[in-house]
Every structure is written in structure tokens, then in C-alpha cells.
Amino acid sequence: MTVAVTLRVEEKLYQNRYLVDSGRPHIKVRPHERPSANLLGLTRVCPAQCYELNDQGQVEITADGCMECGTCRVLCEASGEIEWNYPRGGFGILFKFG
Amino acid sequence: MDMIAEKFDAIVIGAGMSGNAAAYTMASHGLKVLQFERGEYPGSKNVQGAIMYANMLEKIIPDFRDDAPLERHLVEQRLWVMDDTSHTGMHYRSEDFNEAKPNRYTIIRAQFDKWFSRKVRAAGATVLCETTVTELVRDAKDKVVGVRTDRAGGAIFADVVILAEGVSGLLGTRAGLREMPKPQSVALAVKEMHFLPEDVIEQRFGLKGGEGCVIEAVGTISRGMAGLGFLYTNKESISLGIGCLVSDFAATMQSPYALLDALKDHPSIRPLIAGSEVKEYAAHLIPEGGYKAIPQLFGDGWVVVGDAAQLNNAVHREGSNLAMTSGRIAAEAIVQVKRRNGPMTKQNLVLYKTMLNKSFVVKDLKKYKDMPALLHTNSRNFFTTYPQLMSQAAQNFMRVDGTPKIEKEKATAAAMIKARSRWGLVSDAVRLALAWR
Ligand SMILES: Cc1cc2nc3c(=O)[nH]c(=O)nc-3n(C[C@H](O)[C@H](O)[C@H](O)COP(=O)(O)OP(=O)(O)OC[C@H]3O[C@@H](n4cnc5c(N)ncnc54)[C@H](O)[C@@H]3O)c2cc1C
Ligand code: SF4
């Protein structure tokens, strides 16, 4: 089931246009032992599935497919678990239609 | 960058609906305006359904119909209540909507925002894209006097800064002008663009010559969360999406793309998009907090407009028109203060709030001030139980199977009471009526 969903999101993101600012991720996850419920929730709630659980049970982010919706910021910035910024001007998601 | 050394009458942050309305209005009144947009082009970061309301754009650009990229004018609206296999619907279609100056159009934001931005430039404003504003600059008395960006060079100064930065509102929240939106006062919406030939769309929806149809749907499609699905016809594409409160997503750990895929697969939706080519997948937040979530709207040297100010009518799915109107009104207030040579202080900029309070923007939000809390605390009943009951009742009414009608009606009533109790039904109805009042 997870595999099928993952495939589907990647297929969706594949349609989109991005200009990735290599080596300058605009979102970072603070190192942690165990993720909070909200941080763990992002592995399912992020619409681009940028958040994933690693083998040690910690949440990691790969922000390349991020659509800059801000959902993770609303859920996890206040607690300091993530650090969220806009990509530099011109980088990131570039909607063709929106 | 010589230009940057100049001082501007106004700096606008963001080239979405509200920022463009503000920049256009100020520039047409002769103010020296500088506008920043972080996207590669205006619209490249923006997502909307999208229904655009003509009246509010007419107040800014009266002859917009001459060259704006409009998709279809709406002649039909369908409101659906869905369960897993059915929909119960209220459809309204009228020939009256085929008027010389139609009232509502579907648009595609990336194209619309580019058009609007060309108008802003033609009116005399300077627009800088690919530039993220990173900080508000203040003087010793804490008045906002300019901005810093991620481009090389120092601060850029202006008499007033208009924050038209959209729902996330990073700058304003980080500068302490307002709080970050709460998970229960924003919805996360995901959307796909499904391309189909123009004549196929017209056949499927019974349309001709630029007519359009939109569907809005609630029910089990949001899996118990407070949410809404939508399907809007464009010229050669269909916008299909679904949004639910972020707090509900977090509590249930549902995946938005799974919800969207289930919606696409629903027997009532599937035939409408069959054979389409998907060309984009987008996600964006929508302010849902209503009147009670409106933050402080002005201060020394600044005003906030549009989604950044949470000016969004979630009940009627209106946002872009509130954004355009708040942008225009803020600009008109600034022009008035400027004309009498007043400084852009909090004391003078209160004019924006006073003018906004008199407009439909604040009046409409006030009308529904209790709605967000009701839908948030009662989402299971409104978005799952009632839709299921409606479907059962409709099916019970229509299926002819030899059961006497009186027994059918009793069965429908019993199902309602069993699901929600007599008291629950009455109290939900009363609370809904009060919130709607
Ligand atoms: C899925 C969906 C469907 C919708 N459907 C409808 C509908 O059918 N009808 C309707 O009326 N409304 C609808 N809305 C709401 C509507 O889209 C918004 O209300 C409207 O776009 C708000 O305009 P705005 O100018 O305030 O913000 P935005 O359009 O979001 O513009 C903000 C701009 O600021 C820029 N920006 C932000 N920060 C910075 C910075 N620091 N530096 C430089 N630039 C910056 C952004 O890139 C962006 O261009 C919908 C919204 C969504 C998400
Ligand atoms: S901003 Fe949205 S798309 Fe990007 S990582 Fe956060 S939740 Fe995912």
C-alpha cells in the first residue's frame, strides 16, 4: 500500500516544474530522538511526501518536490522541530497553471 | 541597481490578487510603486480553483474582458452531497448568466496573474520578480520604513509597505505583526489539472460557446474531516481538487493525495474526467478562520491585505475577490493619506480599516463568524453522517420495491434518529441556522 501511494505521488510531482536550489534546502528538520505526533504525521500529511521515516525511527526531509504549501510550517514550526523558509527568489516550485 | 537607491511612495510584497490590485490602484493614481514577487513570474507560486468574480475586478480594471485570460463564464453550479457510491445534488443553471457582462468566470491563475502584472507595469509600477523579501526594515521608533531582499544590495525604503504575501505570511508573522495561522484555521487543498478537448468538455457538461459549469461537493470524500471537493470547467481543462482543515489532516493522518485519487475514482466523478491528461499537481493553503481570525490590519508604515490578513469567505469559497477588494481599498486609503500630505502612521492608516469595515469583505465575514468553529467541532456529523443519511433517504424515496411508502418514510426517519439522536439533529440544525444567520 505505501509503495503504491509513493509511486502515485512521485508520478504526480513528475508533472510539475521546479528549479531546485541544489545544496540549499529551504526546510530543515531539527535532529531528534523520537518525532512528535505532528512531525510523524507529516510523513502522511505533506502533499508532496517530502517527509519520510528513516530506519532509526526519525523523520527526515527531502524538500526537492516541495510545493511550498506551508502545511508543515503550520504544524511544526512553533515547536522548533522544523525550520522553514522560502527558497531564494526564482527557485522552488513553478506552477504552470496553479 | 541605481533605482533601488531611490525612495518609493509604496512597496508591495507579493504579486498575487491582492498585491496586484494594490499596486495597480496606487500606480494609476500616480504613486511611485515598487512591487516584489518571489516567483519566476507572477502566478508561479499561486493556486486557486479558480472562480473569479467579475464585479470586484471591474472596480479595478473596468474593461478587463477585452484582454484578460478568462476560461469560461459560469452558467451552472452544482452543489453535491456525496457518499461512497452516490451524490445528491442541487443544480442551478440559468440562461440569465449568458449576459453581455457575465458575473463569474473560471480562470487559470498562472496566466491570469501574468496578465494582471502586465497591467500593473503599464500603470507605471516597477515589478521585480525572482526576489524574496526577507525582512522588514524599521526605524528607531519601530515604524516600518522599507524592506530587505535576497538580492544583492541593502535596504530599500518607502513611505509605506503593503504586505500582500498570501496565507503563509512569513514576513508579517516573523516581524510579530500577527500570529502564524493555526492548524484549525487553514485548509490544505490539493488540485490537479486534467486536460481534455474543448468539445469533450462541452458535451459532458452540456455547454456551448464559452459556457462553464462548476461542482462543489461535501461528504464522505473528506473521510470525516471538515472539507470540500471541487470540479471546475476551464476551456480545455478541468480543475479537480479537495481541501480539508490542516488540524483534521494532522489528527487523522490522512494523505491528501490519497483523498484526491479516491475523488477521481468516485463513480460520480470518474466519467467526467475520463481520458484526460493530467499536467500539474498543486497544493496550497486556504484561510478558513473567518472573521475571528482577522489580525491587526495596519500599523506604523504598513498594511496587510488579502489572504495574509485571512480575508477569505470559506462558506462561499470566495477569496480572490476579497483579496482584490482589500488590496484596492488599502491602496485608496494610502492615496488619500498621501494627497493630504499625511505621514503613513498607524493613526492615518486606520482609514484602510474603516473603509474595509464598510465593504462586503468584513460584512460577509462577520455574518459567518461562528461557522468555522461549528464545522470544526462537528465535522463528523456534517461531513460524513448527514451525507450518508441523505443518500439513504434519497435512495429509499426513489427505489420502487413494493415497500409501502409510509414504511419507507418511517425507515428514513428512524435511520436519522439512530445515527444522530433526536436531540442531536435538532441542536445541529439550530446551531447551523444560528451560524448562517
Ligand atoms: C485550491 C484553492 C482554490 C481556491 N478557489 C478559489 C475560488 O474559486 N475563488 C476565489 O475567489 N478564491 C479561491 N481561492 C482563494 C484565493 O486563491 C486566494 O484568496 C487569493 O489567491 C489570495 O490572494 P493574495 O494576493 O492575498 O495571495 P496570493 O495569491 O497567495 O499571493 C501572494 C503572493 O506573494 C508572493 N510572496 C509571498 N511572500 C513573499 C516574499 N517574502 N517576497 C516576495 N514575494 C512574496 C507569493 O509568491 C504570491 O505571488 C482558492 C484557493 C485555493 C488554494
Ligand atoms: S511546505 Fe507543503 S509540500 Fe513543502 S514540505 Fe511542507 S507540507 Fe510538504
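Note on naming: letters A, B, ... go to the chains in the order of the sequence lines (proteins, then strands), and numbering restarts at 1 for each one. Remember, predicted model here, so these are calculated numbers, not experimental data. Below, all heavy atoms of this structure are taken into account, side chains as well, without hydrogens, waters or symmetry copies.
Within 6.0 Å of CD in Glu179(B) there are 12 or fewer heavy atoms belonging to other residues, nucleotides or ligands. Within a 6.0 Å sphere centred on CD of Glu33(A), other residues, nucleotides and ligands contribute 12 heavy atoms or fewer.
If you measure heavy-atom distances from Lys279(B) to chain A, the contacts under 4.5 Å come from both the backbone and the side chain. Heavy-atom distances place the side chain of Thr173(B), and not its backbone, under 4.5 Å from chain A. Only the backbone of Thr131(B) has a heavy atom closer than 4.5 Å to any heavy atom of chain A. With a 4.5 angstrom heavy-atom cutoff, Phe112(B) does not touch chain A via any of its atoms. Only the side chain of Asp150(B) comes within contact range of chain A, with at least one heavy atom under 4.5 Å from a heavy atom of that chain. Contacts of Met253(B) with chain A are made by both backbone and side-chain atoms, with heavy-atom separations under 4.5 Å. Only the side chain of Glu192(B) has a heavy atom closer than 4.5 Å to any heavy atom of chain A.
The line from NZ of Lys96(A) to CD of Glu280(B) is 5.5 Å long, rounded to the nearest 0.5 Å. Atom CZ in Arg88(A) sits 12.5 Å away from atom OG1 in Thr134(B) (nearest 0.5 Å). Distance CG/Leu75(A) to NZ/Lys182(B): 13.0 Å, rounded to 0.5 Å. For the atom pair Ile93(A) CD1 and Glu40(B) CD, the distance stands at 11.5 Å (nearest 0.5 Å). To the nearest 0.5 Å, the span separating OH on Tyr257(B) from SG on Cys46(A) amounts to 7.0 Å. We find the CZ-CD distance between Arg44(A) and Gln254(B) to be 7.5 Å, quoted to the nearest 0.5 Å.
For Phe91(A), there are no ring-ring contact (aromatic ring centres under 6.0 Å, His included) partners, not counting sequence neighbours.
Pro87(A) and Thr132(B) make their closest contact through O-OG1, 3.4 Å (heavy atoms, listed as atom of the first residue, atom of the second, distance). Residues Phe95(A) and Ala282(B) come closest through the heavy atom pair CE2-CB, 3.4 Å. Between Phe97(A) and Ile108(B) the shortest heavy-atom distance is O-CG2, 3.3 Å. Between Pro47(A) and Val190(B) the shortest heavy-atom distance is CB-CG1, 3.7 Å. Here the closest non-hydrogen pair linking Ser168(B) and Tyr86(A) is CB-OH, 3.8 Å. Residue Cys69(A) comes nearest to Leu188(B) through the heavy atom pair SG-CD1, 4.0 Å, listed as atom of the first residue, atom of the second, then distance.
Ranked by non-hydrogen atom pairs under 4.5 Å with chain A, the options Gln111(B), Met193(B), Met180(B), Glu37(B) are led by Met180(B). Of the listed residues (Val47(B), Asn46(B), Leu170(B), Ile107(B)), the one with the most heavy-atom contacts under 4.5 Å to chain A is Leu170(B).
With no hydrogens or angles considered, no side-chain donor-acceptor pair links Tyr281(B) and Glu11(A) at under 3.5 Å.
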Exercise for review: Verify side-chain contact (heavy atoms from CB on, under 4.5 Å) between Met67(A) and His284(B), making sure each step is shown before the conclusion.
Suggested key: CA-CA 8 Å; Met67(A) 292 177 279; His284(B) 205 278; over 6 Å; no
Exercise for review: Verify side-chain contact (heavy atoms from CB on, under 4.5 Å) between Asn85(A) and Arg174(B), making sure each step is shown before the conclusion.
Suggested key: CA-CA 11 Å; Asn85(A) 278 297; Arg174(B) 291 204 176 143; 2.9 Å; yes
